[in-house]
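Along the sequence shown, residues are numbered consecutively beginning with 1.
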Amino acid sequence: MRDVVFSADGSLIATAGLDTTVIIWDANTGQQLNTFTTPARAINSLAFSPRQPHLAAAGDDGVVYVWDWTSGRLIRQLKGDGGTIQDIAYNEAGTRLAAALENTTIRIWDMTNGEALLRLTLGHDRRVNAVAFIPNSDQLASAGADGRVIFWNLLTGTAVPSDNLPPEATNADPIAINSLAFTPDGAQLATGLDNGDVAVWDSAARTRLATLSSHTSFVFSVAFSGDGRFLASASGDGTAKVWQMSTNQVAYTLSGHNSAVSAVTFSPDGTRLATASQDGTAKVWNAQPALDVINLTGHRAPVNAVAFSGDGRLIATGSGDTTVKIWDAASGSLLQTIADPNNAINDVAFNPDGSLLAAGGADQNGWVWDVASGERARVFQQHDAPINAVRFSPDGRLLATAGEDGVVRLWSMENGRLFASWNHGTAVRGLAFHPDGTILASAGNDGKVRFWNMDTGASIQTLAAHTAAINSVQFSPDGVRLATAGSDGAAKLWDIANSSLLNTFAGHTGAVNSVNFSPDGRLLATASVDRTIKLWDTAGGQLLRTLSSHTSTLHSAVFNADGTVLASASSDRTAQLNKILSLGDLFALGQNRATRLLNREECEQYLRGRDCLMEGKSDD
């Protein structure tokens, strides 16, 4: 599928692609209302008239077909130069329609009588990919495979000089521009590029305001929301992203398609987004407002670890810059910096009452500080390799440390002595205490989780969980399940009682570095080297949301005490606080991503009685 558009009132959606047909749908119910067939082998672009009940479609036969969608009657055929039409667009009044052609020309028609008005040449020297009328102006903008954006004066039919709007290029090679869109007031222009970037320009000054880089493949489509606050982009990487224009950051990622996303558009009221994909489907999404994000900046190297205090009021971060920082979780303000270690910090952890903070890292020492004073309370020095994980026992009496030497050590917080030590066998990447304190789990480079009895010190169970290193492990709050994160790109959920696999969370495109349960155990956050955090429903395994506001590898993502904030640590040298949606809103998003209706049993199991789209459910 190549294009999807909303009607001017948002009540209809039209889709088209490689099957020669255009389909009109009810935007609220998803019911198919009408189908129009064209002689073209492929339809590349659609456009609803903003004032008339007309729908235009154009493709590889070089003809624009215009229907009255109320009657289904074909009312007009506008013939171009015989070459493929890449894109079409109406002006605000619906009186003109422009078409971008593969043969480097642009055609404009008078839609009141179907007469050809202009044939614009002497602009692009390669395929024209996109056209858009500039709001509140007598100008048109076009973009093409030559990397150029050209502004045209429609009164004279000539190009407007734009010396300070240079072609997109790498060295001497142009970077094709595939799409363009203006804000409703025409003040800003966005372009989608072949290199995966989105460029944002000041339309009047022709100066670049920002380059938005997050996609990993071509950007095929861009669209602004009706209020101009958000910009959506669709990419060959299989995702659409929504950017918050006040920060130029990704607000959220739509990742439900199985192939390249060809088109994205907002509904007129900005409450929904529609996407079309080469997987043959179109999807309608809730266009939720951007997540509130607080950036914690100040580290001079990758932030490797992040932790909340038990009451959720404080956040600790550990970095490759050898420092540990403590922040106010409400405001994001820096409270103190601890610089005792002399090498990179790999992990941090608060004790249960938040009075102590532990850290371990490349200097092979386990450090413990008094949070109130910032003074050093303990230093544990028996490891002979970097420490990767530190965890306090649920009662706070013990601290567990483990790392590259493969040894798990337990330290008494009362007297600072070594309480016990166990050999995992390979480097240990993660540690987790069972909520009742009777078991300690260690996860290592061998892809196994070993469970240690805290009373006897015996290894009571070994779980072969992954085919590569396990980077993180955590018990569910009720102690019944165990989550693991692997370098094999998957997170997994296990039943502890019988070591059975309950679910595999597959969706990341790189190693998963962290898993963390929400306080009620119903959500699982996974953080990956692919620069994203994913939120999953632990019962059904459903992906509910993808967060992608970091620009480099994610090392950790943890929930606060009430599950309303997710803190993350990244190699981009920042930690972030993401205010997440309510659980109900997350489940609603998950339903929007469903590829089929659920049966009643699945609704009860996965959504626990929440409103659910069920097979055979009646609206009566």
Run the ring-ring contact (aromatic ring centres under 6.0 Å, His included) test against W67 and tell me which residues pass, sequence neighbours left out.
F36
Taking ring-ring contact (aromatic ring centres under 6.0 Å, His included) as the test, write out the residues that go with F220, two or more places apart.
F218
Just checking, is any N or O donor in the side chain of T253 or K241 under 3.5 Å from an acceptor N or O on the other one?
yes
Within residues 35-51 or reaching into it, pairs that qualify as salt bridge (Lys or Arg N to Asp or Glu O under 4.0 Å) - sequence neighbours excluded:
R41-D60
Report the residues that fulfil side-chain hydrogen bond (donor to acceptor under 3.5 Å, both in side chains) with W109, sequence neighbours left out, ordered by chain and then residue number.
none
Grab the two heavy atoms, one from A58 and one from I85, that are nearest each other, plus how far apart they are.
CB-CG2, 3.6 Å
What do you reckon, is CG of L33 surrounded by more than 12 foreign heavy atoms closer than 6.0 Å?
yes
State which residues pass side-chain hydrogen bond (donor to acceptor under 3.5 Å, both in side chains) with Q139; sequence neighbours excluded, sorted by chain then number.
none
Looking at F224, is R229 sitting on its ring face, NZ or CZ under 6.0 Å from the six-membered ring centre and within 45 degrees of the normal?
no
Partners passing side-chain hydrogen bond (donor to acceptor under 3.5 Å, both in side chains) against T211 (at least two apart in sequence or in another chain)
R208
So which heavy atom on I177 is nearest to which on A143, and how close?
CG2-CB, 3.5 Å
Restricting to pairs with a member in residues 191-203, which pass salt bridge (Lys or Arg N to Asp or Glu O under 4.0 Å), not counting sequence neighbours?
none
Using every non-hydrogen atom in the two residues, find where V219 and S179 come nearest and quote the distance to one decimal.
O-OG, 4.1 Å
Tell me the salt bridge (Lys or Arg N to Asp or Glu O under 4.0 Å) pairs involving residues 130-144, sequence neighbours left out?
none
S568 and side-chain contact (heavy atoms from CB on, under 4.5 Å): which single residue from T574, L554, L577 fits?
L554
Under the ring-ring contact (aromatic ring centres under 6.0 Å, His included) test, which residues partner W536, sequence neighbours left out?
F505
With T104, which residues qualify under side-chain hydrogen bond (donor to acceptor under 3.5 Å, both in side chains), at least two apart?
none
Please test S233 against W243 for side-chain hydrogen bond (donor to acceptor under 3.5 Å, both in side chains), starting from the C-alpha separation and ending with a verdict.
CA-CA 8 Å; S233 56; W243 306 79; 3.0 Å; yes
Pairs involving residues 100-123, ordered by first then second residue, that meet salt bridge (Lys or Arg N to Asp or Glu O under 4.0 Å) (sequence neighbours left out):
D81-R107, D81-R119
Less than 3.5 Å apart, which donor and acceptor atoms pair up between the side chains of residues 261-269 and the rest of the protein, not counting sequence neighbours?
{"residue": "S262", "atom": "OG", "partner": "M1", "partner atom": "O", "Å": "3.1"}
{"residue": "S267", "atom": "OG", "partner": "D269", "partner atom": "OD1", "Å": "2.7"}
{"residue": "S267", "atom": "OG", "partner": "G270", "partner atom": "N", "Å": "3.4"}
{"residue": "S267", "atom": "OG", "partner": "T271", "partner atom": "N", "Å": "3.4"}
{"residue": "S267", "atom": "OG", "partner": "R272", "partner atom": "N", "Å": "3.1"}
{"residue": "S267", "atom": "OG", "partner": "R272", "partner atom": "O", "Å": "3.4"}
{"residue": "D269", "atom": "OD1", "partner": "T271", "partner atom": "N", "Å": "3.0"}
{"residue": "D269", "atom": "OD1", "partner": "T271", "partner atom": "OG1", "Å": "2.8"}
{"residue": "D269", "atom": "OD2", "partner": "T271", "partner atom": "OG1", "Å": "3.3"}

No-hydrogen, no-angle side-chain donor-acceptor test under 3.5 Å, T532 and D530
yes
